[in-house]
Amino acid sequence: MATLFVHELTYYLSTYTVHQMAVDLQRGETLPIHINMTFPSLPCDVLSVDAIDMSGKHEVDLDTNIWKLRLNNEGRIIGTEYLSDLVEKEHTAHGHDDHKDHQEEADHKVKHHSLDEEAENMIKKVKHALENGEGCRVYGVLDVQRVAGNFHMSVHGLNIFVAQMIFESSSRVNVSHIIHDLSFGPKYPGIHNPLDDTSRILRGASGTFKYYIKIVPTEYKYISKEVLPTNQFSVTEYFSPINEFDRAWPAVYFLYDLSPITVTIREERRSFLHFITRLCAVLGGTFALTGMLDRWMYRLVEALTKRDARRIVR
């Protein structure tokens with residue numbers, strides 16, 4: 001009986017969640033993107049984080065709270081780098097697929113330019129890192145506008161001539177990656193981010209990964225009345241292989257869009273009256289069951305006693 005009481009008390013003290021949906025009325029806010037990824041085959045010197053949104057804002061080699069960790073061929077940290085020198089520029093094209101845009105911009109920038117000493121030193125440094133099997137871990141938070149867009153990791157931040165001198169061909173850029181964590185806001189109890197601990201390792205030809213993400217604005221209301229604004233998301237993915245003659249460079253794209261519906265998850269606790277009712281039911285059931293057992297045992301003992309008495313009489 002004590003066990004049943006403790007079980008009912010635990011059930012009463014625990015919380016459950018109620019889900020509600022409504023039209024999303026949020027405007028003019030930023031969208032936090034938490035990133036933690038490892039690129040085992042790309043050195044940190046060539047890896048850049050770029051972002052584009054539907055408003056036309058294009059940011060190359062983002063440095064907003066983004067860190068890079070140099071990794072050796074065993075995955076151990078051998079150096080840390082904080083990304084700096086943010087380059088912002090307006091982007092006239094509003095499409096999500098920017099392979100051609102990046103290529104045309106890079107061609108325009110480097111036309112009729114020769115490699116300087118700094119570029120040559122970088123080429124030697126990166127080639128040495130590639131020979132040693134260096135990788136890179138990228139983590140941090142991107143704060144982007146709350147509109148549809150994409151962010152991607154690639155070698156797009158490199159001068160096109162430098163990239164060609166390092167890799168010789170775009171098909172040799174290995175964008176194998178491990179997504180340790182990708183979320184669009186703080187985590188709440190029970191949330192599941194579908195891309196966490198995702199591993200995509202390329203064994204042969206390289207290519208471009210595209211993750212199409214649908215973000216659902218979410219509010220989590222604790223039993224203490226504290227409100228946690230965050231986001232859930234669903235995802236589908238697509239891989240496009242690149243051959244030796246393609247002009248596009250491999251990349252990992254995350255193309256996101258926001259749902260017009262917001263989900264409110266509210267923690268609730270069962271009422272005290274509900275607890276008393278269940279407790280009374282447990283007590284009543286216990287007494288009823290013990291009474292039945294007592295009657296059955298009495299009748300069994302009585303039957304056995306009478307049988308023994310008849311044998312003695314005979």
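Please read these numbers as outputs of a predicted model, since none were measured by experiment. Any value given below was found using the heavy atoms of this structure, including those in side chains, with hydrogens, waters and symmetry copies removed.
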Of all residues at least two apart in sequence or in a different chain, which pass the side-chain hydrogen bond (donor to acceptor under 3.5 Å, both in side chains) check with Glu268? Tyr16, Arg266

Checking side-chain polar atoms at under 3.5 Å, does Glu267 have a donor or acceptor matched by the opposite partner on Thr17? no

Is any side-chain N of the basic residue among Arg146 and Asp53 closer than 4.0 Å to the acidic one's carboxylate O? no

The salt bridge (charged side-chain N to carboxylate O under 4.0 Å, His left out) partners of Lys124 (sequence neighbours excluded) come to none

Nearest 0.5 Å, what's the CG-OG distance between Asn231 and Ser183? 9.5 Å

CD (Gln145) and CG (Leu31) are apart, to the nearest 0.5 Å, by 10.5 Å

Checking one residue: Val147. Which other hydrophobic residues are in its cluster under the side-chain 4.5 Å linking rule? none

Looking at CD1 of Ile123 and CD of Gln164, how far apart are the two atoms once the value is rounded to the nearest 0.5 Å? 10.5 Å

Val263: which other cluster members, linking ILVMFWY side chains closer than 4.5 Å, directly or transitively? Met21, Tyr188, Ile191, Val216, Tyr220, Tyr222, Leu228, Ile261, Ile265

Those residues at least two apart in sequence (or on a different chain) that pass side-chain hydrogen bond (donor to acceptor under 3.5 Å, both in side chains) with Thr230 are none

Quick one: side-chain hydrogen bond (donor to acceptor under 3.5 Å, both in side chains) partners of Asn36, sequence neighbours excluded? Arg137

Would you list the pairs meeting salt bridge (charged side-chain N to carboxylate O under 4.0 Å, His left out) in which at least one residue belongs to residues 229-238, sequence neighbours left out? Arg200-Glu237

Let me confirm one number: the CG-OG1 distance from Leu71 to Thr38, rounded to the nearest 0.5 Å. 6.0 Å

Result block: side-chain N/O donor-acceptor pairs under 3.5 angstrom for residues 170-179, not counting sequence neighbours:
| from | atom 1 | to | atom 2 | distance (Å) |
| --- | --- | --- | --- | --- |
| Ser170 | OG | Asp246 | O | 3.2 |
| Ser170 | OG | Ala248 | O | 3.3 |
| Ser171 | OG | Ser169 | OG | 3.0 |
| Arg172 | NH1 | Glu168 | OE1 | 2.9 |
| Asn174 | OD1 | Ser176 | N | 2.9 |
| Asn174 | OD1 | Ser176 | OG | 2.6 |
| Ser176 | OG | Leu202 | N | 2.7 |
| His177 | ND1 | Val175 | O | 2.9 |
| His177 | NE2 | Tyr211 | OH | 2.8 |

In the hydrophobic clustering (ILVMFWY, side-chain contacts below 4.5 Å, transitive), which residues join Leu25, or is it alone? Val23

Mind telling me whether Phe239 and Phe209 have parallel, tilted or perpendicular rings, with 30° and 60° as the class edges? tilted

So which pairs with a foot in residues 128-184 pass disulfide bond (SG atoms under 2.5 Å apart), sequence neighbours left out? Cys44-Cys136

Does any pair with a residue in residues 213-229 pass salt bridge (charged side-chain N to carboxylate O under 4.0 Å, His left out), and if so which ones, sequence neighbours excluded? Lys214-Asp257

Working to the nearest 0.5 Å, report the span between CG of Leu142 and CD1 of Ile35. 4.0 Å

Note: Asp45-Lys127 ion pair, threshold 4.0 Å (strictly below): no

A side-chain contact here means heavy atoms from C-beta on lying under 4.5 Å apart; do Asn73 and Asn132 qualify? no

Tell me if the aromatic rings of Phe184 and Phe233 count as close, with their centers under 6.0 Å from one another. yes

Tell me, please, which residues at least two apart from Met297 pass side chain to side chain contact (heavy atoms under 4.5 Å, CB included). none

Near Ile77 CD1, under 6.0 Å, is it more than 12 heavy atoms from other residues, nucleotides or ligands? no

